[in-house]
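Below: the structure, in structure tokens.
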Amino acid sequence: MLPLYQVLTPEGELAQDIHGSLDEATMIKMYENMVTVRMFDRKSINLQRQGRMGTYAPFEGQEASQVGSAMALAPGDWLFPTYRDHAAAIVHGQSMARVFLYWMGHMEGSLSPKDLHIMPPCVPIATQLVHAVGTAWASKLKNEQQVSLAYFGDGATSEGDFHEALNFAGVFQTPTIFFCQNNGYAISVPFSQQSASKTIAQRGAAYDIPGVRIDGNDIFAVWMTMKEAKERALAGKGPTLIEAITFRYGAHTTADDPKKYRDQEQVAEQWRRERDPIARLRTYLERSGLWNEQKENELTATAGAKIDAALAEAESYPKSRPEDMFQHVYAEPTWMASEQKNELVQPAKKEDIPA
Amino acid sequence: MKRKLTMVQAITEAMDQKMAEDSRIMLLGEDVGMNGGVFRATEDLLNKYGANRVVDTPLSEAGIIGAAIGLAMNGLIPVVEIQFLAFIYPGFEQIVSHAARMRYRTRGQYHVPLVIRTPYGAGIRGPELHSESVETFFAHVPGLKVVAPSNPYDAKGLLVSAMEDPDPVIFLEPTKLYRAFKEEVPEELYRVPIGKAKVVRQGTDLSIFAWGAMLRVAEDAAKQMEREQGVSCEVIDLRTIYPLDRDAIVQSVKKTGRALVVHEAHKTAGMGAEIISIINDEALIYLKAPVKRVTGFDVPVPQFSIEDDYLPTPARVMNGIMETLTF
């Protein structure tokens with residue numbers, strides 16, 4: 001079994017000297033980001049329960065993986081999220097209002113700020129990994145100093161596209177970072193039933209790609225591993241496969257009941273108690289004199305206000321018009337779609353029907 | 001300068017000239033580099049444009065098409081070769097779930113100017129799964145364009161248009177016609193527009209709609225009907241499967257009052273059904289007889305000992321014409 005890379009232990013202690021590689025401002029930003037996205041996630045579940053949002057995929061428990069990896073990116077880098085990686089998207093610059101919009105069923109929820117390459121959440125499994133190879137390959141061909149970061153879960157590693165992406169990235173040495181959040185379950189199927197491989201990271205060896213297995217609840221390990229992967233990619237040394245071991249406390253989506261397939265309360269409680277990514281960083285920051293109760297209260301107040309403002313923005317967004325579905329199918333609409341749009345907008349009237 | 005080229009030479013020339021003109025264009029596929037493609041469609045392009053622009057990829061249709069989507073989103077224009085249409089299925093999800101939808105999903109923020117070239121169709125004595133004609137799969141998916149030339153001139157002009165199209169184009173090359181005949185092809189770069197059919201033979205008694213290799217079959221049948229029965233058939237090469245040229249279809253049916261669709265794809269849910277539907281919508285009252293289809297059968301394309309019995313022949317087309325005329 002490949003060793004698990006860890007920098008910040010679950011007890012909030014440093015497992016290695018990080019002097020010079022991680023400054024205090026970054027640590028505080030990490031903490032603020034993680035708390036903010038957790039509040040966002042909880043708010044989203046509530047909104048779904050209240051019927052103000054559609055089915056939602058929560059990520060609580062996986063904040064260190066998403067926040068730490070996205071924080072290691074530069075603005076020009078490409079980000080390919082799945083439907084569970086809105087925390088990463090938000091940290092990379094996606095507005096929370098857009099994320100709300102996406103889950104409220106607005107097509108404009110996929111729009112991202114113009115100068116950021118944030119892809120819409122990918123719903124099919126593992127298919128976006130090959131796109132991340134393509135965009136990275138183009139960056140390399142154009143001599144642009146950009147990496148492409150693709151997120152996926154443990155289940156995705158059973159898909160053909162995972163292998164095809166790693167193979168292509170290895171052959172063409174593309175600056176792609178494959179970031180697996182191994183949360184132990186593909187909906188209900190545990191990793192032990194997903195694969196006979198002991199780890200996902202070891203699969204890098206098959207493609208001669210460095211494979212790293214890290215504590216995905218340790219944001220320092222995530223960030224430092226990402227930094228190294230980025231440096232390697234930008235130096236023309238090709239892709240990296242990162243396996244971050246983590247856990248989602250809640251359901252696969254708000255439509256799913258994990259009690260059916262795992263001992264939900266017990267397992268989630270244990271992870272929450274013993275390995276939580278936010279709690280361990282808070283412990284470390286408090287011991288280092290960088291954090292206290294007052295700062296915590298200020299943070300939750302500010303973050304709460306930001307989330308409320310984003311929600312207000314999303315809920316006041318103009319209602320989509322039926323004819324919007326006909327936009328952006330092609331650069332120029334086809335005659336079929338144009339006519340169908342007219343039928344939708346101006347349906348036949350009863351008096352037009354011959355007697 | 002006037003010179004005659006085969007269809008595959010015309011296709012090579014289209015890529016060559018566009019690559020010379022536009023450095024964003026790159027070719028990807030299995031065997032497209034050193035080997036110049038199994039049908040030699042990319043011959044010598046590796047020597048001319050180098051390994052960054054003509055790329056022999058791993059044997060992986062999802063990898064090729066998926067990576068091409070990323071390349072297209074990040075500013076390049078990939079032209080992908082899939083060795084045979086029936087090999088495209090591992091990349092099918094990438095085509096329908098991503099290439100076709102990227103513009104829609106991103107509300108126009110990203111688009112995928114991608115051309116997927118692939119030989120298709122029977123009649124080449126190929127092994128199993130080298131002869132399929134499944135254009136319907138792609139015509140059914142919003143966001144894709146589907147093109148199938150029937151001659152060298154159109155092949156070059158349509159492929160140039162495909163490489164300039166901002167949307168993904170499935171470019172179906174009738175394998176049987178790659179080297180079947182030569183035709184005058186202008187040396188300069190020219191375009192044949194996507195979405196426009198062509199009347200290849202004027203007629204007054206009946207309209208025949210076809211594309212790809214079946215165009216020749218339709219033409220042969222029309223000639224023979226004229227010679228033997230004095231029947232005047234209009235033959236229309238649709239050239240684009242999606243979006244169909246409705247005006248050309250309707251105009252011709254209004255003139256002749258009778259129509260026949262010829263395609264080598266399976267009959268059920270083939271494009272013939274769609275064409276008949278357009279005729280019903282737009283020209284029903286002009287019809288003197290129901291529109292007939294002469295097509296491949298609803299069976300897997302058989303291996304080559306009976307391949308010719310699967311394909312529409314001029315004789316089958318003539319039978320179809322007679323049935324329509326004597327209704």
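Naming: A, B, ... by sequence-line order, numbering from 1 per chain.
- Both the backbone and the side chain of A:Ser139 come within less than 4.5 Å of a heavy atom of chain B.
- Contacts between residues 143-166 of chain A and chain B, defined by a heavy-atom separation under 4.5 Å, are made by A:Glu144, A:Asp161, A:Glu164.
- Of the two parts of B:Pro243, the backbone and the side chain both hold a non-hydrogen atom closer than 4.5 Å to a non-hydrogen atom of chain A.
- When all heavy atoms are compared, the tightest approach of B:Arg107 to A:Leu111 is CB-CD2, 3.8 Å.
- Minimum interatomic distance between B:Gln94 and A:Thr127 (heavy atoms only, all atoms of both residues): NE2-O, 3.1 Å.
- A pairwise comparison of heavy atoms in B:Met26 and A:Trp137 identifies CE-CZ2, 4.1 Å as the closest pair.
- The two atoms that bring B:Ile278 and A:Trp335 nearest to each other are CD1-CH2, 4.0 Å, heavy atoms only.
- Taking the six-membered ring where the residue is Trp, B:Tyr110 and A:Trp78 present tilted rings, their angle falling between 30° and 60°.
- Neither the backbone nor the side chain of A:Pro333 comes within contact range of chain B; no heavy atom of the residue lies under 4.5 Å from a heavy atom of that chain.
- Proximity to chain B is limited to the side chain of A:Met119, based on heavy atoms less than 4.5 angstrom apart.
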**Message:** Using side chain to side chain contact (heavy atoms under 4.5 Å, CB included), reason through B:Gln109 and A:Ser110 one step at a time and then give a plain yes or no.
**Reply:** CA-CA 9 Å; B:Gln109 253 185 328; A:Ser110 292; over 6 Å; no
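- Identified by a heavy-atom distance below 4.5 Å to chain B, contributing residues of residues 201-208 of chain A are lacking entirely.
- With rounding to the nearest 0.5 Å, the separation of NZ in A:Lys140 from CG in B:Asn74 is 14.0 Å.
- Both the backbone and the side chain of B:Ala62 come within less than 4.5 Å of a heavy atom of chain A.
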**Prompt:** Step by step, would you call B:Leu76 with A:Leu141 a side chain to side chain contact (heavy atoms under 4.5 Å, CB included)?
**Reply:** CA-CA 9 Å; B:Leu76 299 179; A:Leu141 290 170; 3.7 Å; yes
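- Considering every non-hydrogen atom in both B:Pro58 and A:Val171, the closest pair reads CG-CG2, 4.1 Å.
- Only the side chain of A:Met336 comes within less than 4.5 Å of a heavy atom in chain B; its backbone stays farther off.
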